[in-house]
Amino acid sequence: MNQPPSAADQPLTEDQLKDPRVARRDKLRRLREAGIDPWGARFDNRLMISAARELAGQIKYRTEAGQELDLPEISPDLDLRKWRGEQGPGEEIGPQVRVAGRIMLARDKGKLVFLTLRDWTGEIQIFIGKGQVGDENFDLTKLMDLGDLIGVDGRLGRTNTGELTVFAEKLHFLTKMLEPAPDKHAGLTDPELRQRMRYADLAFNDGVMKTFLDRTAIVRSVRRTLDTDGFCEVEGPTLHAIAGGAAARPFLTHHNALDMQLYLRIALELHLKRLMVGGIERVYELGRVYRNEGISPRHNPEFTMLEAYQAYGDYRTMMDLTERIVTNAIEAIGGGFKRKFGDVEIDFTPPFQRKTYAELFQTATGVDPVDVPAVMELAKSLGIETAGKHPDVIRNEIFEEKVEDSLVGPIFVIDYPASICPLTKRKADNPEIAERFEMFICGMELANAYTELNDPDLQEQLFMTQLEGMAEEDSMAKMDHDFVRALRYAMPPAGGLGIGIDRLVMILTGQRSIRDVVLFPLLRPE
RNA sequence: GAGGGCGUAGCUCAGUCGGUAGAGCAAAGGACUUUUAAUCCUUUGGUCCUGGGUUCGAGUCCCAGCGCCCUCACCA
């Protein structure tokens, strides 16, 4: 994609150079003329900027008598020049460092240039004095723009104001940026541009890198928690002949050789359960699922889901596991158990609250959830359509409207009405109640777990019931006969858990939109 | 899919009552060897999202379209 060395090699006029892109291209040309590769090369033995910053304690002031003094406490009003004067003649000494990164800010003082250099671990100031780096090397600064990548060899020290600085001795040009830099203070704020050009968002907007590195740390921690518990990570198929395990519209695709319609998976559940039948007693998958539904601050068509199944456990086993997954993830990124999300503070100090669906319903509405006539009346007063709907469905719509949004959490809502939980085992002493919990934080569903239904005949029957009255084209409305057959080979009693990883990352990193925790959210083509 | 908001310089944003466009940053030229959103002087830069309409005249008002954001709907 590189443009050939400027076709027009005649000198550009001053007016043409006022276009930032033209000016950058011209500097590219001048770099080549000076015999410098504008695209750089291998650059070994550099220190990460954060590691260089950790060497600050090695900076000393050596007096003429050879005494090495520690620098004074750094504070905003410190005048190091004055302090050095008070110590008598001498010089500052510090470790030799090599760093590399992107030029974020430049302060040109004529024969002296200050740069703010950033790599993925942090920022550090670079001091480039004409006398210190030599005329030829100093001329490089005339060819540098905001956003360029450079390497610096120099001595770590402090300026008169105490700012930790690499005093450059040698500059290395590493890569030219040809596009104009975003506003140096505000960065890129247009949400569309930020998502379309995530590279620029990461490079120029404060905090974006941190959020995505935190995401990685969270995912790593989730895996570590499960691995430590003896869970086995697997990779199930993403192309499904039947899209099951959840109720969502799937993406459709086609396999040519088999001439067969396929769906992108909408859940991980049914294949993981097959593996439990096979004897993988603790199994999980952390991967992408796809749902062909609307896009919102909480929904992206592809998102990352964790599902974990533990043989001989139940939903209470999964509650403990969920709590450990979340608290370990918090410890992995730091910041403590009390965290802000928007205006609310969430306290993750375990144990998390546990309340039954029925008691939350009763408290929020003042209506006994098993009193069907009262529930129907409440629904009417809320304007909820009741015709042709099962009372449990209506009750759940009320629950979603009156309870879920107000759950700050973290809270486990437990014991759901059985009829809305087709893959869940019923309570032994009450077939109306399913052993299920959902965990809510800030009105968002983050986790969903069951004591898994392992009765193949009941499972088959529930599938049938669920399919009744569903449009044929609703592709999820298809019986997964193989899954039922698998259950007939005996799936152990088990607890199963699903966690929306993107939403977990949102909550833990304080991001209000799922698009701020997904590197490349789905966008219309430009 | 419905409703609301937004779309102006490379970036961040102003733009009054309808009178042919403004700032900061970036860029170009100049001064400055301890600055830090450096500062100071000078200069340049516009398909006002697109297409229609009203009007003597539209960035501004009206209609349609496109894109983004928010709310709702959809989403076990």
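We name chains A, B, ... by the order of the sequence lines, and we start the count at 1 in each one.
- Between the CG atom of A/N292 and the P atom of B/rA73 there is a distance of 19 Å, rounded to whole Å.
- Taking atom P in both B/rU43 and B/rC25, one finds a spacing of 15 Å when rounded to whole Å.
- Contact annotation for A/R436: backbone-only contact, meaning every heavy-atom pair under 4.0 Å involves sugar-phosphate atoms and none involves a base.
- Along RNA chain B, the nucleotide nearest to A/G294 and the one nearest to A/Q125 differ in position, and the one closer to the 5' end is contacted by A/Q125.
- The partner of B/rG3 is B/rC70, by the rule that a Watson-Crick or G-U pair needs both atom distances under 3.5 Å.
- Residue A/K27 places at least one side-chain N or O under 4.0 Å from the OP1 or OP2 atom of B/rA28.
- Atom P of B/rC13 sits at a distance of 15 Å from the matching atom of B/rC70, rounded to the whole Å.
- Remark: A/E432 CD is loosely packed, at most 12 non-hydrogen atoms of other residues, nucleotides or ligands lying under 6.0 Å away.
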Using a 4.0 Å heavy-atom cut-off, write out nucleotides 7-15 of chain B from 5' to 3' as B (base contacted by protein), S (sugar-phosphate only) or - (no contact). ---SBSS--

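- Distances were taken from every side-chain heavy atom of A/L112 (C-beta onward) to each of B/rU33, B/rG67, B/rC74; the shortest belongs to B/rU33.
- The side chain of A/K109 contributes an N or O atom lying less than 4.0 Å from OP1 or OP2 of B/rU34.
- Taking atom P in both B/rG59 and B/rG53, one finds a spacing of 15 Å when rounded to whole Å.
- The partner of B/rA31 is B/rU39, by the rule that a Watson-Crick or G-U pair needs both atom distances under 3.5 Å.
- Atom P of B/rG18 sits at a distance of 11 Å from the matching atom of B/rU60, rounded to the whole Å.
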Could you run down the sub-3.5 Å N/O contacts of the protein with nucleotides 1-3 of chain B?
none

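- Glycosidic conformation at B/rU20 (O4'-C1'-N9-C4 for purines, O4'-C1'-N1-C2 for pyrimidines): syn, within 90° of 0.
- In a base pair of the Watson-Crick type (N1 to N3 plus N6-O4 or O6-N4) or a G-U wobble (N1-O2 and O6-N3), with each distance short of 3.5 Å, B/rG46 is matched with no nucleotide.
- Distance, A/F251 CZ to B/rC75 P: 15 Å, rounded to whole Å.
- Residue A/F127 is classed as a base contact, given a heavy-atom separation below 4.0 Å to a base.
- Residue A/G245 is classed as a base contact, given a heavy-atom separation below 4.0 Å to a base.
- Taking the ring pair (Phe, Tyr, Trp, His ring centres under 6.0 Å) definition, one finds that A/Y450 meets it with nothing, sequence neighbours left out.
- Legend: salt bridge (charged side-chain N to carboxylate O under 4.0 Å, His left out) pairs involving residues 74-90 of chain A, not counting sequence neighbours, sorted by first then second residue: A/R84-A/E92.
- Tested against A/E91 for a salt bridge (Lys or Arg N to Asp or Glu O under 4.0 Å), the candidates A/R155, A/R62, A/K60 yield a single pass: A/R62.
- Straight-line distance between the C1' atoms of B/rG51 and B/rC17: roughly 27 Å, to the nearest whole Å.
- Rounding to whole angstrom units, CD1 of residue A/I126 and P of B/rU34 are separated by 18 Å.
- Shown here are the ring pair (Phe, Tyr, Trp, His ring centres under 6.0 Å) partners of A/F440, two or more places apart in sequence or in another chain: there are none.
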Would you tabulate the pairs of protein nitrogen or oxygen atoms and nucleotide nitrogen or oxygen atoms of nucleotides 69-72 of chain B closer than 3.5 angstrom?
unit_1	atom_1	unit_2	atom_2	d
B/rC69	OP1	A/R515	NE	3.4
B/rC70	OP1	A/R515	NH2	3.4
B/rC70	OP2	A/R515	NH2	2.7

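- Separating the CG atom of A/D26 from the C1' atom of B/rG29 is a distance of 14 Å, rounded to the nearest angstrom.
- The ring pair (Phe, Tyr, Trp, His ring centres under 6.0 Å) check on A/F173 picks up nothing, with sequence neighbours excluded.
- Put simply, NZ on A/K18 is 6 Å from P on B/rU44, counting in whole angstrom units.
- Here the separation of B/rG30 from B/rC49, taken at their C1' atoms, is 39 Å to the nearest Å.
- Shown here are the side-chain hydrogen bond (donor to acceptor under 3.5 Å, both in side chains) partners of A/N396, two or more places apart in sequence or in another chain: A/Y357, A/E400.
- By the ring pair (Phe, Tyr, Trp, His ring centres under 6.0 Å) test, A/F114 pairs with A/F127, sequence neighbours left out.
- Rounded to the nearest Å, the gap between the C1' atom of B/rG22 and that of B/rG15 is 7 Å.
- Pairing of B/rG57, defined by two Watson-Crick or G-U wobble distances under 3.5 Å, is not identified with any nucleotide.
- With hydrogens and angles ignored, a donor-acceptor pair closer than 3.5 Å exists between the side chain of A/H299 and the base of B/rC75.
- Each of A/Y309, A/Y284, A/F437, A/Y315 was checked for a side chain to side chain contact (heavy atoms under 4.5 Å, CB included) with A/L497, and the lone residue meeting it is A/F437.
- Looking only at side-chain heavy atoms (C-beta outward), A/M209 and A/T211 stay at 4.5 Å or farther from each other.
- Contact check, A/R107 against B/rU35: no side-chain N or O comes under 4.0 Å of OP1 or OP2.
- Distance, A/M197 CE to B/rC68 P: 15 Å, rounded to whole Å.
- Distances shown here put every side-chain N or O of A/R291 at or beyond 4.0 Å from the OP1 or OP2 atom of B/rC75.
- Within 4.0 Å of A/L80, counting heavy atoms only, lies no atom of the nucleic acid at all.
- Distance check on atom C1': B/rC11 versus B/rC74 gives 37 Å, rounded to whole Å.
- Between the CZ atom of A/F114 and the P atom of B/rU35 there is a distance of 7 Å, given to the nearest Å.
- Under the 4.5 Å side-chain criterion, counting only non-hydrogen atoms from C-beta, A/I59 is not in contact with A/I93.
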For residues 104-112 of chain A, please give each side-chain donor-acceptor pair under 3.5 Å, one per line with the distance, not counting sequence neighbours.
unit_1	atom_1	unit_2	atom_2	d
A/R107	NH2	A/Q125	OE1	2.7
A/D108	OD1	A/G110	N	2.8

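- Applying the side-chain hydrogen bond (donor to acceptor under 3.5 Å, both in side chains) criterion to A/D206, with sequence neighbours excluded, gives A/R118.
- For the pair A/R512 and A/F341, the distance from NZ or CZ to the six-membered ring centre is under 6.0 Å and the angle to the ring normal is within 45 degrees.
- Rounded to whole Å, the distance from NZ on A/K82 to C1' on B/rU34 is 17 Å.
- Using Watson-Crick or G-U wobble geometry with both donor-acceptor distances under 3.5 Å, B/rC11 finds its partner in B/rG24.
- Looking at heavy-atom distances under 4.0 Å, A/D108 makes contact with a base.
- The salt bridge (Lys or Arg N to Asp or Glu O under 4.0 Å) check on A/R53 picks up nothing, with sequence neighbours excluded.
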